[in-house]
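Input: a single structure, listed below in structure tokens.
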Amino acid sequence: MSTLLAAAVIILIASTVHAVTGFGYALVATPLLALTVDPHTAVVATTLSALAMTVTIAVRQRHHAEWKVAMIAMVGIVLGMPLGLWVYAVASEQALTVLIGVGVLGCTVMVWRRVKVHGNTPILVGVGLLSGALSTSTGTNGPPMVAAFQGMGYDPHKFRATLAAVFAGTSVLSLIGFAVAGQVNTQSIWIGLVGLPVVQLGWFAGNAIFSRIDPERFRKVVLVALLVSAVVTLSSALSG
């Protein structure tokens, strides 16, 4: 019961952050859940509970989303997922944690340096490939897509809605992959179920904040969220 209560608090924080920034659910939830349960369970539980968050945003903000861009990125994500499942199966817990931190840190630098990204098909598929591999290996598929959409100059509404469209599809495919690989356990299912109502609370809290943020301040929020996640994750790996 104490584990589920801790998970509920973590999910509330993660879903609020996600509603504000358009991403960050897994970046917040996975490292914190990994302190409560083992990292492998944390990855699956995060994916289960994240689905409710991404579907909520994708449905509510569907008129802002760039659906063609999302579909092209999904092609790359599908191609990258088998690679991620292999890494998930063979990597140690510490290696997975380091992988999460390094990936987030790299994308933080991209956002900080305002790296421009052209939204053509090869680049979108390539970014999707990396995102898909990270999705099924670490549960943190967001950083590559975040860096790409920031680099494409999307305004906050388009940024958040398009990310949600991609993440909703990714979560479904990741869960199928975890199930086929036999990686879904009872504990991860319970945490996922606890998250269903909690993410709705996080959505309303975060969306209220989002509506008051201008584009430049939004970029700074994104940058800080990425940086904090990278530092916390790498610190956890080094201390372990």
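Heavy atoms only: backbone and side chains are in, while hydrogens, waters and symmetry mates are out.
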Going through the checks in order, is the side-chain contact (heavy atoms from CB on, under 4.5 Å) test met by Tyr154 and Val69?
-> CA-CA 12 Å; Tyr154 282 1; Val69 169; 3.4 Å; yes

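- Neither Ile72 nor Val75 shares a network with the other; the hydrophobic side chains, linked directly or stepwise wherever heavy atoms of I, L, V, M, F, W or Y lie under 4.5 Å apart, form separate groups for each.
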With a 3.5 Å cut-off and sequence neighbours excluded, list the donor-acceptor pairs that the side chains of residues 179-205 form with protein atoms.
from, atom 1, to, atom 2, distance (Å)
Asn185, OD1, Gln187, N, 3.3
Asn185, OD1, Ser188, N, 2.8
Asn185, OD1, Ser188, OG, 3.1
Asn185, ND2, Thr41, OG1, 3.0
Ser188, OG, Asn185, N, 3.2
Ser188, OG, Asn185, O, 2.8
Gln200, NE2, Thr56, OG1, 3.1

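- Residues Thr54 and Tyr25 have side chains that never bring a donor and an acceptor to within less than 3.5 angstrom of each other.
- Here the NE2-NZ distance, from His64 to Lys158, works out to 10.5 Å after rounding to the nearest 0.5 Å.
- Leu129 and Val146 fall into different hydrophobic clusters, where Ile, Leu, Val, Met, Phe, Trp and Tyr are joined by side-chain heavy atoms under 4.5 Å apart, directly or via other members.
- Taking the side chain as every heavy atom from C-beta outward, Asp214 and Phe218 never approach each other to under 4.5 Å.
- Annotation: the span from Gln61 atom CD to His63 atom NE2 amounts to 5.5 Å, rounded to 0.5 Å.
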Show your reasoning for whether side-chain contact (heavy atoms from CB on, under 4.5 Å) applies to Val43 and Phe178.
-> CA-CA 10 Å; Val43 169; Phe178 287 137; 3.7 Å; yes

Step by step, work out the side-chain contact (heavy atoms from CB on, under 4.5 Å) result for Thr47 and Leu51.
-> CA-CA 6 Å; Thr47 305; Leu51 181 58; over 6 Å; no

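- With values rounded to the nearest 0.5 angstrom, Leu175 atom CG is found 10.5 Å from Thr170 atom OG1.
- A heavy-atom distance below 4.5 Å is found between the side chains of Asn207 and Arg160.
- The distance from the CG atom of Leu124 to the CE atom of Met74 is 13.0 Å, given to the nearest 0.5 Å.
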Taking it one step at a time, do Phe159 and Asp155 satisfy side-chain contact (heavy atoms from CB on, under 4.5 Å)?
-> CA-CA 6 Å; Phe159 176 88; Asp155 66 72; over 6 Å; no

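- No donor-acceptor contact under 3.5 angstrom links the side chains of Thr3 and Thr36, judged on distance only.
- Note on Val166 and Ile123: same hydrophobic cluster, where clusters join Ile, Leu, Val, Met, Phe, Trp and Tyr whose side-chain heavy atoms are under 4.5 Å apart, directly or indirectly.
- His157 has its ring centre less than 6.0 Å from the ring centre of Phe210.
- Residues Pro144 and Leu134 have side chains in contact (heavy-atom distance under 4.5 Å, counting atoms from C-beta outward).
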